[in-house]
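Below: the structure, in structure tokens.
Starting from 1, each residue takes its place in the sequence as its number. Both backbone and side-chain heavy atoms feed into the values below; hydrogens, waters and symmetry mates do not.
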Amino acid sequence: MTVLSFPAAAPAITSGMRALMYGVQDLALDITAQGQHHVHTHFWAHTFELDIRVTRAPHKMGCQSIWAKTIYLPRNQDGRPALSETALDDLSESIAYLQSLLAKPEACT
């Protein structure tokens, strides 16, 4: 039997980045549930790429995004280069934009 051995690599994605990625997912659910916009998120593991797209609802195939962001997360520290040193800033900016899409509760008068 052949046993393949891979070097252990420390993940370069910090707990702060993970928390922001969860925040993006959480906002995607809330915004899409409101019905005015659809938020699509995809994580591509082979490239460590997080894609976020916003379309107007109702979403139809071929619909143009009104906002899109691709964030390349740092890869494992196993010799492969990190594609982005600004991932934390990019995630924070994405959260801020998505929060701006949340419906504002109307003030009681």
Side-chain angles (χ1 to χ4, degrees):
M1 176 169 95
T2 303
V3 177
L4 299 176
S5 175
F6 297 98
I13 298 176
T14 65
S15 58
M17 288 178 194
R18 288 174 188 260
L20 289 172
M21 288 173 64
Y22 298 141
V24 167
Q25 290 288 332
D26 191 42
L27 285 167
L29 290 169
D30 292 343
I31 293 165
T32 301
Q34 288 179 163
Q36 296 174 355
H37 299 91
H38 287 177
V39 180
H40 311 270
T41 61
H42 301 280
F43 176 70
W44 304 99
H46 64 288
T47 56
F48 271 56
E49 173 182 342
L50 178 65
D51 286 322
I52 308 164
R53 307 254 181 251
V54 177
T55 59
R56 295 200 190 282
H59 176 70
K60 297 177 181 155
M61 293 302 289
C63 181
Q64 291 286 343
S65 297
I66 61 169
W67 182 86
K69 184 83 169 176
T70 299
I71 301 168
Y72 291 97
L73 301 163
R75 295 181 183 208
N76 289 339
Q77 298 169 347
D78 60 358
R80 294 179 289 166
L83 295 176
S84 174
E85 295 179 2
T86 62
L88 196 57
D89 292 337
D90 291 342
L91 286 164
S92 296
E93 290 169 8
S94 298
I95 292 276
Y97 175 77
L98 293 174
Q99 286 175 333
S100 75
L101 296 178
L102 289 172
K104 309 291 186 274
E106 294 193 22
C108 296
T109 57

At what distance, to the nearest 0.5 angstrom, does [atom1] of [X] lie from [atom2] of [Y]?
X      : Y     : atom1 : atom2 : value
Gln64  : Arg53 : CD    : CZ    : 10.5 Å
Ser100 : Ile31 : OG    : CD1   : 7.5 Å
Ile71  : Glu93 : CD1   : CD    : 8.5 Å

Quiz item: Is there a path of hydrophobic side-chain contacts, each under 4.5 Å between heavy atoms of I, L, V, M, F, W or Y residues, that connects Ile95 with Phe43?
Solution: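 Same cluster.
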Quiz item: Any chain of hydrophobic side-chain contacts (each under 4.5 Å) joining Trp44 to Met17?
Solution: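 Looking at the clustering, Met17 is in a separate group from Trp44.
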Not counting sequence neighbours, which residues clear side chain to side chain donor-acceptor pair (under 3.5 Å) with [X]? List them please.
X     : value
Thr41 : Gln25
Asp26 : none
Ser92 : none
Trp67 : none

Could you tell me which non-hydrogen atom of [X] sits nearest to which non-hydrogen atom of [Y], and how far apart they are?
X     : Y     : value
Gly35 : Ala57 : O-CB, 3.0 Å
Thr32 : Ala28 : OG1-O, 2.8 Å
Leu88 : Gly16 : CD1-C, 4.3 Å

Practice problem: For Gln36, enumerate each residue passing the side chain to side chain contact (heavy atoms under 4.5 Å, CB included) test, keeping only those at least two apart in sequence or located in another chain. | Solution: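 Expected list: none.
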Taking C-beta and beyond as the side chain, do [X] and [Y] meet within less than 4.5 Å on heavy atoms?
X     : Y     : answer
Val54 : Tyr97 : yes
Leu91 : Leu73 : yes
Asp30 : Leu98 : no

Quiz prompt | Identified side chain to side chain contact (heavy atoms under 4.5 Å, CB included) partner of Leu50 from the options Met21, Lys69, His42 | solution =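 Result: among Met21, Lys69, His42, Met21 is the only option passing the side chain to side chain contact (heavy atoms under 4.5 Å, CB included) with Leu50.
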